[in-house]
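What follows is a set of notes on a single structure, which appears directly below.
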Protein chains: 2
Amino acid sequence: MNSKLKVIEEEFIETIGQLSESLSINRIVGQLYALLFLSPGPLSLDDMVDKLKISKGNASVNIRELERWNAVKKVWIKGERKNFYRANLDVLKIVINCFKNGLIQRMKKSTDKIAKTQETLNKSSSLFINKEEKNIAEIYQDRLKRIKEISEKTENLVKVLSGLVE
Amino acid sequence: MNSKLKVIEEEFIETIGQLSESLSINRIVGQLYALLFLSPGPLSLDDMVDKLKISKGNASVNIRELERWNAVKKVWIKGERKNFYRANLDVLKIVINCFKNGLIQRMKKSTDKIAKTQETLNKSSSLFINKEEKNIAEIYQDRLKRIKEISEKTENLVKVLSGLVE
DNA sequence: TGCATCTTTTAGAACATTCTAAATATATTA
DNA sequence: TAATATATTTAGAATGTTCTAAAAGATGCA
């Protein structure tokens, strides 16, 4: 391949690798995706191993991670025994789905737990007898309410984002 | 303190700790913030060390991380030699600022680099002589353009979010 | 100044993640 | 089915992160 094109490919893969890391995503995951995203045609595991200079095991594990995210798809090529992969080019959709299925779900779990804590607190109000305790309970109620408000806003935001790609 | 209130405090701290971890934030950072967020008054490092059962060094490092984020503030209490801290209760503002100063900035760095790569590619077009190379160059141009579009959308989103808290 | 109190830094232990190479499992073709 | 090609799993090495305890560095007060 033209050496200029090779340089561009390498720069892109490197950049996306760094971006992945700053998003706390495994670098190889990002680089595999970048490689496929740029590639004119589908690539085999061996192709990727060659380009990125990684072990096949590493490539195998991380390409399946990308499959789970719907970021890449297996492609069968007639006359070939190897699996080939191509990138889903709709990056925005991938990102938003990752948000919804990963981050947001885990956030929801946390905010649900906080909502439960809040309930516990409300039900317990009769237990707080002296002024001091009543005061603290009131403050706790205020603070937990703030968290609830935020989680509602977040849920709305996710809905808006989801709407953007459907 | 009333044991029911203590349970609620502990549950909250635990939940926020887990949430932090799922956001790839150090658990202690989240727990320190949770502790101060709930606390009726400011707390000293020693208070936090006692509650969370961590070393003072650990508390010191991570409380300064929170200061950097504007998530907590030092408070001087007359007659006290210790530093005290209180939480900034505006969680949304903190989160959005963290986005802007951390994530988004690093993303911007990456997308800037990709924009540069894109320019290089455009300038190099005369170098691609045969049909094959021209074809690949065209595909690369398309792919890089997609990335550019996404980074523009992201920038807009950040502006909208920023508007929400100012 | 010198002592007491508090905070930060540091060195390395404990723990967690990521990677490779080799072994194992699966699929394809003759 | 045997032989070969390919993919996945596994064990442990390499690397990276987080934690503590102790040392060093501040700060304030007699």
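Throughout, protein chains are lettered first and strands after them, A, B, ... in sequence-line order, and every chain is numbered starting at 1. It should be emphasised that the depicted structure is a prediction, and the values quoted were computed from it without experimental measurement.
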From [atom1] of [X] over to [atom2] of [N], roughly how many Å is that when rounded to an integer?
X        : N       : atom1 : atom2 : value
Arg27(A) : dT18(C) : CZ    : P     : 11 Å
Ile25(A) : dT18(C) : CD1   : P     : 11 Å
Glu80(A) : dT28(C) : CD    : P     : 13 Å
Gln31(A) : dT18(C) : CD    : C1'   : 13 Å
Leu32(A) : dC19(C) : CG    : P     : 10 Å
Asp46(A) : dT8(D)  : CG    : C1'   : 14 Å
Lys78(A) : dT29(C) : NZ    : P     : 15 Å

More than 12 heavy atoms of other residues, nucleotides or ligands under 6.0 Å from [atom1] of [X]: yes or no?
X         : atom1 : result
Glu132(B) : CD    : no
Phe99(A)  : CZ    : no
Lys93(A)  : NZ    : no

Item to check | Over all atoms of both residues, closest heavy-atom pair of Ser22(A) and Leu103(B) | outcome: O-CD2, 3.8 Å

From the set [options], return the single nucleotide nearest to any side-chain atom of [X].
X        : options                  : value
Lys82(B) : dC6(C), dT9(D), dT20(C)  : dC6(C)
Leu45(A) : dT9(D), dT8(D), dT18(D)  : dT8(D)
Lys56(B) : dT5(C), dT20(D), dT8(C)  : dT8(C)
Arg64(B) : dT9(C), dC19(D), dT18(C) : dT9(C)
Asn58(B) : dT9(D), dA7(D), dT20(D)  : dT20(D)

Checklist entry - Which part of the nucleic acid, if any, lies within contact of Lys74(A), taking any heavy atom under 4.0 Å across all strands shown: a base, the sugar-phosphate backbone alone, or nothing? => result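 If one applies the 4.0 Å heavy-atom cut-off, Lys74(A) turns out to touch nothing in the nucleic acid.
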
Checklist entry - Want to settle it: does Gly79(A) or Ile54(A) sit nearer the 5' end of DNA chain C, counting the closest nucleotide to each? => result Ile54(A)

Checklist entry - Can you find a side chain N or O atom of Asn83(A) that sits less than 4.0 Å from OP1 or OP2 on dA7(D)? => result yes

Checklist entry - Does Ser60(B) have a side-chain nitrogen or oxygen under 4.0 Å from the phosphate oxygens OP1 or OP2 of dT8(C)? => result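 Answer yes for this pair, as a side-chain N or O of Ser60(B) is under 4.0 Å from OP1 or OP2.
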
Item to check | Test item: side-chain donor near acceptor, Gln141(B) and Asn122(B), under 3.5 Å | outcome: yes

Checklist entry - Checking only heavy atoms, does the side chain of Arg81(A) share a donor-acceptor pair with the base of dT28(C) at less than 3.5 Å? => result yes

